[in-house]
*Asks:* 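Structure in structure tokens, see below.
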Amino acid sequence: MKSKEFLIATLGLLVLTQPTPSFAQNINGKNLYTQRCAMCHGADIKGTGPLAKKSNPPTPDLTTAAFKKRLNDYPGVIVSSVILRPNGDLIPRTLKENGVKLAPHSWTVQDFRDLNKYMSDVISKSRR
């Protein structure tokens, strides 16, 4: 294979294997959820994580019809409001009481969009 043909084939392969923007966003959303939310809400977003019953009140099931409606009616707002202004000190207190040290995160608008998209996708696939 000539070097020019090899270069073109390699570039074509790289383009085909690069994640699309929506896939990349979903990866960011999934990573954020897994690292920062799943310990309470669980992988299924149903409030089944290891710390779910250790908070007071217990971690809610986010696949309910009421939450789905709020997530659709106020995309990104529900998620960001909980993260940026948790219910009093419930989230930090629950983490602290259970010895969970979570590094601070500088949230961006794109992070909230990605997290909202990921959660919406998981919730829409959940069977209720």
*Asks:* Looking only at heavy atoms, what is the nearest atom pair of Ala38 and Pro50, with distance?
*Replies:*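 So the two residues come closest at O-CD, 4.2 Å.
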
*Asks:* Measure the shortest side-chain to side-chain distance between Leu51 and Leu95 over non-hydrogen atoms and say whether it is less than 4.5 angstrom.
*Replies:* yes

*Asks:* Any chance you could measure Ile123, atom CD1, to Ile45, atom CD1, to the nearest 0.5 Å?
*Replies:* 5.0 Å

*Asks:* Looking at Thr108, is its backbone amide N or carbonyl O close enough to the side chain of Asp111 to form a donor-acceptor pair, meaning the two atoms are under 3.5 Å apart?
*Replies:* yes

*Asks:* Among Lys96, Met39, Gln35, which residue satisfies the side-chain contact (heavy atoms from CB on, under 4.5 Å) criterion with Leu102?
*Replies:* Met39

*Asks:* Between Asn98 (side chain only) and Val100 (backbone N and O only), is there a donor and an acceptor less than 3.5 Å apart?
*Replies:* no

*Asks:* Just to verify, what does Ser106 make a side chain to side chain donor-acceptor pair (under 3.5 Å) with, not counting sequence neighbours?
*Replies:* none

*Asks:* Determine whether Asp61 and Phe67 make a side-chain contact, defined as any pair of heavy atoms from C-beta on separated by less than 4.5 Å.
*Replies:* no

*Asks:* List for me each residue that meets salt bridge (Lys or Arg N to Asp or Glu O under 4.0 Å) alongside Lys69, sequence neighbours excluded, and say none if there are none.
*Replies:*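 Checked Lys69 against salt bridge (Lys or Arg N to Asp or Glu O under 4.0 Å); matches are Asp73.
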
*Asks:* How close do Gly47 and Ala52 get, heavy atom to heavy atom, and via which atoms?
*Replies:*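 In terms of heavy atoms, the two residues are closest at O-CB, 3.0 Å.
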
*Asks:* Holding to salt bridge (Lys or Arg N to Asp or Glu O under 4.0 Å), I want the full list of residues that pass it with Asp121, two or more places apart in sequence or in another chain.
*Replies:*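 For Asp121 the salt bridge (Lys or Arg N to Asp or Glu O under 4.0 Å) partners, ignoring immediate neighbours, are Lys117.
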
*Asks:* To the nearest 0.5 angstrom, please state how far the NZ atom of Lys53 sits from the OG1 atom of Thr48.
*Replies:*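 So the gap between those two atoms works out to 8.5 Å.
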
*Asks:* Decide yes or no for Leu62 and Met119: does some side-chain heavy atom of the first lie under 4.5 Å from some side-chain heavy atom of the second?
*Replies:* yes

*Asks:* Over 60° means perpendicular and under 30° means parallel, so tell me whether Tyr33 and His41 are parallel, tilted or perpendicular.
*Replies:* tilted

*Asks:* Is any side-chain heavy atom of Lys68 closer than 4.5 Å to a side-chain heavy atom of Thr64?
*Replies:*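 When only atoms from C-beta onward are counted, Thr64 and Lys68 do not touch, as no gap falls below 4.5 Å.
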
*Asks:* Should His105 and Leu32 count as side-chain neighbours, where that means a heavy-atom distance under 4.5 Å?
*Replies:*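 Contact flag for His105/Leu32 side chains = yes.
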
*Asks:* Do Tyr118 and Asn28 have side chains that approach each other closer than 4.5 Å (heavy atoms only, starting at C-beta)?
*Replies:* no

*Asks:* Minimum heavy-atom separation for Val122 to Ala43, with atom names?
*Replies:* CG1-O, 4.3 Å

